[in-house]
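Lettering follows sequence order; numbering is per chain, from 1. Keep in mind it's a predicted model, so treat the numbers as computed, not measured.
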Protein chains: 2
Amino acid sequence: MDDNEKYGEWFGDLSSFLPGVSIDCVIIGFDLNELNILLLKWKEGGHWMLPGGFVHKDEDMDHAASRILEERTGIRLPYLKQFHTFGDLDRRANVPLFNPVTPLGAQFKEMFDWLEQRFISLGYLSLVDMRSSVPAPDLLSETCIWKPLKSIPDLIYDHNLIANKALEQIRNQINYLPIGISLLPEKFTMKQLQILYEEILQKKVDRANFQKKMLKLGFLDRHEKQLTGGAHKAPFLYAFNREKYNLLLEKGIGYMS
Amino acid sequence: MDDNEKYGEWFGDLSSFLPGVSIDCVIIGFDLNELNILLLKWKEGGHWMLPGGFVHKDEDMDHAASRILEERTGIRLPYLKQFHTFGDLDRRANVPLFNPVTPLGAQFKEMFDWLEQRFISLGYLSLVDMRSSVPAPDLLSETCIWKPLKSIPDLIYDHNLIANKALEQIRNQINYLPIGISLLPEKFTMKQLQILYEEILQKKVDRANFQKKMLKLGFLDRHEKQLTGGAHKAPFLYAFNREKYNLLLEKGIGYMS
DNA sequence: ACAAAAGTGTTATCCTTACACCCATGT
DNA sequence: ACATGGGTGTAAGGATAACACTTTTGT
């Protein structure tokens, strides 16, 4: 199947989507050093944007978000939750997604017209393990890659606003989100967990107190020691006890402020 | 203008609304004894429902919610914020809003057809001073009244779910919502403020500690004593210092759990 | 005088914070 | 041996929670 046929297949489906409703995903990962966000670069115009998509007429919202996320990352059941809905009149005013004069724009006039309508977009926040994700661009995108939160480029439409709202959400809800279990690999050091918290809260926390607090919460299983090449004492490796973790999460984990 | 003309006027506007998008408002008030929710009783079928409405094609979401709320309560600038969006396929499955066989249903077939489509509804939470609200039913509703939270009737569609989600939100966000300043009258006693917290948290709190905590937070101005008819010491009246209150609200007021 | 509710005080306990100290490891 | 980071300990200060005590009012 060549590109034209693939595009055509997608085209034919436009009428199967709910008109005027879209989903934008803020997908967050942690590379053990800093937080990253998954972004797409659109072929037409080179605009950066959040991964997103549309909702089938016979599909629940959460299902659509889950499908869109799996298409971009290959990940099946991550943390994924609606966090805000964006529907202001001018939210897509700043840049046209297609330019009808370019070859691509002319080729996809039908989709262009469809996209001209006003859209209400549901923002979904997802927390994933970066190392098990396989970022894949969609047919109209050039690349799909992780970008450090510290250097998010200008995004199309109101996508910077959407991303910021999601980050605000993470900071506010830090004690109620499964940040550790979603963003870290199976086994990790206390230092890595601490860096994760510091990156989210944007401030340093005391190493000794952090360790004691986390251990007292009782959802960490200590494993055998890590054999690092560092010129220092090797740290323990920890893993989450999922039952205890999920139990505590409802009450709020960490009491961090 | 007779009823038919009024209905007709509303009808003519159906095409000015965004199709498939609605707004449902969970409007909460406090009568100094318990929390109440504003509900409508639909003429057709006698179903109870949340106040709601649609969004004009040239209108922002928040503006639509604000307009709908003012139509039902007369209140202009209350606390009002989107809290969740409901879009599941089956959310309107349980009851038909109109019955085409009844006189009303036959009369409003056009609207009936329009309402047949799938709807995505934005849930808005509003906190208002009950005493300054003037509940007014809309043209298709029999009544618009305050009901105690403890005795919410069965609501149409997924409206019970929406209301419960809003209440959950209030409980979780209690330290970040302007509950006191929005739900209480200008002047109030410490006891009344305490009852408000107890009603939201669904548990008793220690009177002495509550008083000290609230006073230490420093956003309450103490006024002259109230002259009650009670056979006991008359309590002070307090009022919120809006500047200090709003400042603290960002950091979280109360630390209640 | 007494009951009832308001306002304030006292104490034990827990949690937080800021450090200090010792331990293990590779150079 | 020593520099580096990991793990644990301690003591001061603040917040919380439980409860006692005093004050004011109408009957």
Note to self: Go nucleotide by nucleotide along DNA chain D from the 5' end; which of L215(A) and H232(A) gets its closest nucleotide reached first?
What the structure shows: H232(A)
Check: So, does the side chain of K216(B) form a donor-acceptor pair with the base of dT16(D) at under 3.5 Å?
Finding: no
Margin query: Expressed as a whole number of angstroms, how long is the span from K213(B):NZ to dT16(D):C1'?
Written below: 7 Å
Check: Looking at dA17(D), does its base get a donor-acceptor pair with the side chain of N209(B) below 3.5 Å?
Finding: yes
Check: Are M190(B) and F210(B) close enough that some pair of their side-chain heavy atoms sits under 4.5 Å apart?
Finding: yes
Next item on the list: Using the test side-chain contact (heavy atoms from CB on, under 4.5 Å), find all partners of Q173(B) that sit at least two apart in sequence or belong to another chain.
Entry: Q173(A), Q169(B), L177(B)
Notebook entry, point to check: Mapping Y238(B) and D206(A) to their closest nucleotides on DNA chain C, which lands nearer the 5' end?
Noted result: Y238(B)
Checklist line | L193(A) CG - dG7(D) C1' separation (whole Å) | finding: 15 Å
Notebook entry, point to check: Less than 4.0 Å between a side-chain N and a carboxylate O, is that true for E199(B) and K150(B)?
Noted result: yes
Margin query: With a 4.0 Å limit, can you tell me whether Q211(B) has a side-chain N or O closer than that to the phosphate oxygens OP1/OP2 of dA6(C)?
Written below: no
Notebook entry, point to check: Separation of F236(B) atom CZ from dT23(D) atom P, in whole Å?
Noted result: 14 Å
Margin query: Holding to salt bridge (Lys or Arg N to Asp or Glu O under 4.0 Å), I want the full list of residues that pass it with D158(B), two or more places apart in sequence or in another chain.
Written below: R91(B)
Note to self: Under 4.0 Å, counting only non-hydrogen atoms across every strand here, what does K191(B) touch: a base, just sugar-phosphate, or nothing?
What the structure shows: sugar-phosphate
Item checked: Nucleotide dG5(D), atom C1' - distance to CD1 of I195(A) in whole Å -> 12 Å
Check: Between dG7(D) atom C1' and K225(A) atom NZ, what is the distance in whole Å?
Finding: 8 Å
Checklist line | Base dG5(D) paired with R207(A) side chain (donor-acceptor, <3.5 Å) | finding: no
